[in-house]
Amino acid sequence: MNRGFGILLAVPILFFSISILILVGHVRDEAEDLSEYILALSIDYATDAAAEEMLLETPSLDSDYATSMNAEVGYFAADPEIARTTFEDVLSLNYDMALSTATRVDLESNYMPLFCVAAYDGYYLYTQIKDPDGGWRLQGSLKYPYSYEKDDAYYALNLGMDSSYRLKDGNLKKVKLADVDISKDTCRIRINTLISDQLMYLFQQATGRNSEFIYIPHDLGTFKEVNPIQGPTVMAFLDNWDVRNYSAISAFSIGGARIEKTRVVAGYVVNGQKLYSYSDLLPEDLITVDTFSSMEEAAAAGYYYDYNYMD
Amino acid sequence: MYGFINKILGVILCLAMIIIMLSTVMVTNYLQATRSIVAEVTNFVDEVTDTGILTPAQLSDLYMACASYGIQSDVQVLRYVKVINPDPTDPNTVIRNYTVNEDIYSWKQGDLVQVKVHSIGQTGMMSFLYHVLGLNVSNLDFTLAGRIR
């Protein structure tokens with residue numbers, strides 16, 4: 001083999017090596033893209049399920065969605081604990097993990113630095129705290145109001161965007177937003193900005209990544225099509241997710257819900273046992289003792305799930 | 001003699017290039033197929049969660065769609081029923097859990113649908129890549145779950 005050919009041979013060998021490296025890199029990148037795509041789908045399913053379940057199963061849910069006994073426009077009750085547990089259960093199922101307390105502890109300790117629930121007149125923030133038994137768990141906060149300051153007065157806004165409580169000169173009074181010149185747009189901007197600023201601060205504190213930020217628009221975006229907070233909303237952030245992945249990835253999701261109809265849950269007694277089922281599944285001759293707006297409410301009243309009719 | 005060695009080396013290099021090119025095409029097709037299967041399962045989960053209806057015909061369509069991309073896979077659809085009962089140890093709290101129900105054709109609001117997809121065995125392409133290049137392309141294995149609205 002002459003010298004010239006030896007030098008020429010280096011070119012195809014180099015090309016061959018580069019081709020192999022590109023192929024390996026392409027396979028790895030595609031696998032990571034697929035993992036990110038599946039995580040995005042999973043967290044979206046989980047937040048949507050959490051918002052729907054929270055809305056439906058929170059006790060004392062008024063049957064008329066538009067008004068309540070307080071005559072608040074768009075009022076709804078929300079239990080953030082229901083949202084949290086449902087989110088964790090659906091996310092566990094998306095990765096074929098067991099539905100158990102151990103899985104929930106694993107998720108909260110290792111992957112969920114942030115969780116937020118936007119309710120009617122305030123929002124709840126869940127952050128990680130050290131568990132005395134070891135590891136970390138999510139601790140919920142008190143409900144923070146959607147506070148807004150204008151002209152030496154403080155307002156407690158809500159997602160109905162029709163009325164508000166005003167604190168001025170030591171006097172608390174309920175006012176219509178239209179009377180105090182606060183538009184629905186202003187209200188929406190304030191609520192979304194408040195929550196996204198809080199989330200961003202807690203995110204940076206929890207992860208230490210100060211160059212990244214969370215932004216929630218106040219209206220449906222044109223390009224990114226991110227939904228703003230306009231109703232009961234669940235927001236979750238997963239960090240360093242390495243379940244069934246080559247590398248650790250992150251994802252953020254916003255899930256909302258709206259009730260269109262509810263099913264009445266009926267409680268009755270059969271052979272001395274208090275049972276509940278959806279009223280439309282029961283035979284006509286069964287005497288209903290009590291009615292509830294959700295399964296959670298029926299169980300809290302001491303009625304048990306009736307496998308005969310519910311399944 | 002040196003001319004003979006040069007020719008052999010040239011042929012070997014050509015063969016190696018052909019193998020690399022073929023491998024790239026096969027891997028690209030396989031990765032596209034996995035994406036398509038994920039899209040099919042996503043559409044299925046969205047359909048079931050939005051309508052609350054699943055028929056044997058829809059299930060057959062899902063199986064055929066997943067099989068049509070050339071990857072032999074096992075698709076399993078499971079139904080989880082929400083059960084809430086009073087906590088016998090504390091009258092002020094309730095216990096929420098999910099139980100698996102074999103009837104996957106009757107759904108109610110609050111149930112969870114889970115679809116598991118797991119590829120069976122290795123494709124010829126994966127076996128070829130592993131033995132020739134030592135490149136390990138992972139099996140298709142994912143799960144998606146949603147809540148019935």
Side-chain angles (χ1 to χ4, degrees), chain A residues 1-2 5 9 12-13 15-16 19-20 22-24 26-27 30-31 33-35 37-38 41-42 45-46 48-50 52-53 56-57 82 85-86 89-96 99-100 244 246 257 260 262-263 274 276 278 281 294-296 298-305 307 310-311, chain B residues 2-3 5-6 9-10 13-14 16-17 20-21 23-24 27-28 30-32 34-35 38 41-42 45-46 49 78 80-87 91-99 101 103 106 108-110 112-114 116 129 133 135-138 140-147 149:
Chain A
M1 176 158 56
N2 59 32
F5 182 77
L9 197 60
I13 290 175
F15 180 73
F16 176 74
S19 299
I20 290 185
I22 288 173
L23 178 63
V24 170
H26 174 60
V27 168
E30 181 60 31
D33 280 348
L34 189 65
S35 299
Y37 179 58
I38 290 175
L41 287 172
S42 302
Y45 283 136
D48 283 344
E52 288 157 12
E53 194 71 17
L56 217 54
E57 288 295 337
I82 294 177
T85 52
T86 305
D89 285 342
V90 177
L91 187 64
S92 302
L93 274 187
N94 270 282
Y95 282 88
D96 210 15
L99 295 176
S100 63
R244 291 184 168 185
Y246 288 111
E260 290 181 350
T262 56
R263 274 169 104 179
K274 289 167 77 174
Y276 72 80
Y278 286 119
L281 298 175
S294 65
M295 289 166 58
E296 187 106 3
Y303 290 83
Y304 285 82
Y305 185 89
Y307 288 89
M310 288 290 266
D311 287 350
Chain B
Y2 292 119
I5 294 173
N6 290 345
L9 275 170
L13 269 172
C14 279
M17 292 300 176
I20 287 288
M21 296 305 150
S23 304
T24 307
V27 165
T28 307
Y30 176 80
L31 295 173
Q32 277 175 354
T34 56
R35 281 259 179 189
V38 172
V41 173
T42 308
V45 170
D46 288 342
T49 54
L78 292 168
Y80 288 82
V81 174
K82 181 180 61 178
V83 176
I84 307 177
N85 284 317
D87 186 349
N92 296 321
T93 60
V94 298
I95 299 174
R96 310 171 93 249
N97 54 32
Y98 291 91
T99 57
N101 192 306
D103 182 9
S106 308
K108 65 177 194 297
Q109 192 181 37
L112 301 180
V113 56
Q114 184 191 41
K116 296 190 205 182
L129 283 176
L133 294 176
L135 180 64
N136 193 12
V137 180
S138 59
L140 177 66
D141 186 6
F142 71 95
T143 306
L144 284 178
R147 179 188 178 276
R149 297 186 201 280

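So that the names make sense, note that chain A is the first sequence line, chain B the second, and so on, each numbered from 1.
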Region of V94(B) in contact with chain A, defined by heavy-atom distances below 4.5 Å: side chain

Would T143(B) and N94(A) count as a side chain to side chain contact (heavy atoms under 4.5 Å, CB included) if you check the C-alpha gap in whole Å, the side-chain angles of each, and the deciding distance to 0.1 Å? CA-CA 5 Å; T143(B) 306; N94(A) 270 282; 5.8 Å; no

Options A16(B), C14(B), G146(B), ranked by heavy-atom pairs under 4.5 Å with chain A, top entry: A16(B)

Checking Y45(A) now: which residues fulfil ring pair (Phe, Tyr, Trp, His ring centres under 6.0 Å) with it, not counting sequence neighbours? none

Greatest number of non-hydrogen atom pairs under 4.5 angstrom with chain A, of D103(B), T34(B), N92(B), D141(B), falls to D141(B)

For side chain to side chain contact (heavy atoms under 4.5 Å, CB included), just list the numbers for D89(A) and Y80(B), CA-CA rounded to whole Å, side-chain angles, deciding distance to a tenth of an Å, and then say yes or no. CA-CA 11 Å; D89(A) 285 342; Y80(B) 288 82; over 6 Å; no

Between V38(B) and L41(A), does the side chain to side chain contact (heavy atoms under 4.5 Å, CB included) criterion hold? Intermediate values first, please. CA-CA 10 Å; V38(B) 172; L41(A) 287 172; 4.2 Å; yes

OG1 (T86(A)) and NZ (K82(B)) are apart, to the nearest 0.5 Å, by 7.5 Å

Side chain proximity check, E52(A) to Q109(B), heavy atoms < 4.5 angstrom: no

Considering non-hydrogen atoms only, spot the tightest contact between K108(B) and M310(A) and give its length. NZ-O, 3.4 Å

Side chain to side chain, N97(B) and L99(A), heavy atoms closer than 4.5 Å: no

Y95(A): which residues meet the ring pair (Phe, Tyr, Trp, His ring centres under 6.0 Å) condition with it, sequence neighbours left out? W241(A)

For L13(B) against P12(A), the heavy-atom pair lying closest together: CD1-CG, 3.7 Å

At a 4.5 Å cut-off on heavy atoms, which part of N85(B) comes close to chain A: side chain, backbone, both, or neither? both

Note: D96(A) and Q114(B) closest approach over all heavy atoms is OD1-NE2, 3.5 Å

Just how far is it from atom NE2 of H26(A) to atom OG1 of T28(B), taken to the nearest 0.5 Å? 4.0 Å

Is Y303(A) in contact with chain B via its backbone, its side chain, both, or neither, using a 4.5 Å heavy-atom distance? backbone

To check you understand the geometry: which heavy-atom pair defines the closest contact between R96(B) and T85(A), and what is its length? NH1-OG1, 4.0 Å

Testing the basics here: between I20(B) and F16(A), what is the closest heavy-atom pair and its distance to 0.1 Å? CG1-CE1, 3.5 Å

Below 4.5 Å from any heavy atom of chain A, which atoms of D46(B) appear? Answer side chain, backbone, both or neither. both

For Y305(A) and V81(B), what are the C-alpha separation, side-chain angles and deciding distance, and is it a side chain to side chain contact (heavy atoms under 4.5 Å, CB included)? CA-CA 11 Å; Y305(A) 185 89; V81(B) 174; 2.9 Å; yes

Which atom of R35(B) lies closest to which atom of D33(A), heavy atoms considered: NH2-CB, 3.1 Å

Which of these passes side chain to side chain contact (heavy atoms under 4.5 Å, CB included) with T24(B): I22(A), I20(A), L23(A)? L23(A)

Between CZ of F142(B) and CG of L34(A), what distance do you get to the nearest 0.5 Å? 8.0 Å

Using side-chain heavy atoms (C-beta onward) and a distance below 4.5 Å, is P86(B) in contact with Y304(A)? yes

